[in-house]
Amino acid sequence: MRSFALLAEYSFPVSMAPMKLFITRHGETDMNLAHRICGNSNGQLTAKGLAQAQQLADRLEATQQTNRIEYIYVSPLERAIRTARPIEEALGLTATVEPRLAEINFGKMEGTSFTDPLFQRLRREYFSNYPGGESQVQVAQRLYNLIDDIKVRHNGHNVLFVCHGTVARIMRTYFLDMPLEAYNAYHMQNCEVVSFDL
C-alpha cells in the first residue's frame, strides 16, 4: 500500500503536442565575404545578404500555409535582426530577441582569418574556450536549454529561430547523432532553412 501511495503522488511529465522548430542563418555579411571570423562582433549584411533575407522572407510567406510558423526568435546581433525584419513583415509576426541565440563568442579570435592556425585547432577542441571567449560545449548548454524551454513555452506551435552558422550546427546535434567528422563538415548556407520535429 505504501508503494502505491508514493506512485500516486508522483507527478508524471506533461505530454507534448507535435511541433516543429525551423532554423535559419542570417544573410551574407561583409565579414563572411572577407573570410573573417565573426562571432559577437557586428558584421553588416552585404547587398547580397539583404537580397537573401528578402528572398527567404518570400519563401517563408509562400510556404506559411504548410509551415504554420507562429513565433520567431532572433539573435540579438544586428545581422540576424536585419535578416528577421522582412520575415516579420511577410508573416505578420514580431520577433522576440533571444540572447541565447547569439553566435559563439570567439574572444580574441574575432576578426581574424578563418585560416588562422589557432582557430583551426580550437574549432576541433570542443571543450576548449577561444581565448577570452566561449567553448562549443558552453554554447551547446545554452542552446539545449533554450530548445527545452521553447518546447514547454510553445507546446504544439511551430517556431522559427533566426541565428548563426556555429549556433545552427550545434543545435543540429540536439536532434541528430553526428559523428565528429560530420559535425566538423556541416555548414549552413546564408538564409538556408532546416526544420526539426520537437
Under 4.5 Å between side-chain heavy atoms, counting indirect links through other Ile/Leu/Val/Met/Phe/Trp/Tyr residues: same cluster for Met31 and Leu77 or not? no

Nearest heavy-atom neighbours spanning Thr24 and Glu192: OG1-O, 2.7 Å

Does the Ser41 side chain pair with the main chain of Cys38, one donor and one acceptor, at a distance under 3.5 Å? no

Looking at residues at least two apart in the chain, or sitting in another chain, which of them share a side chain to side chain donor-acceptor pair (under 3.5 Å) with Asn40? none

Smallest heavy-atom separation, His164 atom then Leu101 atom, equals CD2-O, 3.3 Å

Residue pairs fulfilling ring-ring contact (aromatic ring centres under 6.0 Å, His included) with at least one residue in residues 134-154, sequence neighbours excluded: Tyr71-His154, Tyr73-His154, Tyr144-Tyr174

Out of curiosity, His26 NE2 to Ser75 OG, how far, rounded to the nearest 0.5 Å? 8.0 Å

Any side-chain heavy-atom pair of Ser195 and Asn158 under 4.5 Å: no

Pair listing, salt bridge (charged side-chain N to carboxylate O under 4.0 Å, His left out) test, anchored in residues 126-137, at least two apart: Glu134-Arg142

Set of salt bridge (Lys or Arg N to Asp or Glu O under 4.0 Å) partners for Lys20, sequence neighbours left out: Asp197

For Glu28, run the side-chain contact (heavy atoms from CB on, under 4.5 Å) check against Gln189, Lys48, Arg79 and tell me which one passes. Lys48

Side-chain (Ser135) to main-chain (Gln138) donor-acceptor, under 3.5 angstrom: yes

Taking it one step at a time, do Met171 and Leu146 satisfy side-chain contact (heavy atoms from CB on, under 4.5 Å)? CA-CA 10 Å; Met171 279 194 287; Leu146 170 60; 5.5 Å; no

Can you tell me how far CD of Gln52 sits from CZ of Arg25, rounded to the nearest 0.5 angstrom? 9.0 Å

Would you name the heavy atoms of Ala90 and Ala57 that are closest together and state the gap between them? CB-O, 3.7 Å

Would you say Leu176 and Phe196 make side-chain contact, with heavy atoms under 4.5 Å? yes

Met109 versus Ile104: any side-chain heavy-atom pair under 4.5 Å? no

State the CG-SG distance between Leu143 and Cys163, to the nearest 0.5 angstrom. 8.0 Å

Rest of the hydrophobic cluster containing Leu93 (Ile/Leu/Val/Met/Phe/Trp/Tyr, side-chain heavy atoms under 4.5 Å)? Phe22, Leu56, Leu60, Ile69, Ile72, Val74, Ile81, Ile87, Leu91, Val97, Leu160, Val162, Val193

Suppose clustering is done on Ile, Leu, Val, Met, Phe, Trp and Tyr with side-chain heavy atoms closer than 4.5 Å. Which residues sit in the same group as Leu45? Leu50

Suppose the criterion is salt bridge (charged side-chain N to carboxylate O under 4.0 Å, His left out): which pairs have a residue in residues 165-183, not counting sequence neighbours? none

Please, which pairs that meet side chain to side chain donor-acceptor pair (under 3.5 Å) have at least one residue in residues 83-97, sequence neighbours excluded? none

Applied to residues 92-102, the salt bridge (charged side-chain N to carboxylate O under 4.0 Å, His left out) test, sequence neighbours excluded, yields Glu98-Arg100, Arg100-Asp149

Hydrophobic cluster membership, Leu33 vs Phe106, 4.5 Å side-chain cutoff: no

In chain order, what residues pass the side-chain contact (heavy atoms from CB on, under 4.5 Å) check against Phe114, with sequence neighbours excluded? His35, Ile37, Phe119

Does the side chain of Val167 come within less than 4.5 Å of Phe161's, by heavy atoms? no

Shortest non-hydrogen pair, Leu122 vs Pro131, comes out as CD1-CD, 3.6 Å

With salt bridge (charged side-chain N to carboxylate O under 4.0 Å, His left out) as the rule and sequence neighbours excluded, what pairs involving residues 111-123 come up? Arg121-Glu125

ring-ring contact (aromatic ring centres under 6.0 Å, His included) against Tyr186, all qualifying residues, sequence neighbours excluded: none

If you measure from CD on Gln44 to OG1 on Thr29, what distance do you get to the nearest 0.5 Å? 8.5 Å

Can you tell me how far the NE2 atom of His157 sits from the CZ atom of Arg68, to the nearest 0.5 Å? 9.5 Å

Candidate pair Gln54 and Asp58, rule side chain to side chain donor-acceptor pair (under 3.5 Å), full reasoning: CA-CA 6 Å; Gln54 185 59 59; Asp58 293 343; 3.0 Å; yes

Just wondering, do Tyr126 and Asn184 contact through their side chains at under 4.5 Å, heavy atoms? yes

Atom pair NZ/CG of Lys151 and Asp148 - distance to nearest 0.5 Å: 5.0 Å

If you take all heavy atoms of Ala53 and Pro86, which pair is closest and at what distance? O-CG, 3.8 Å

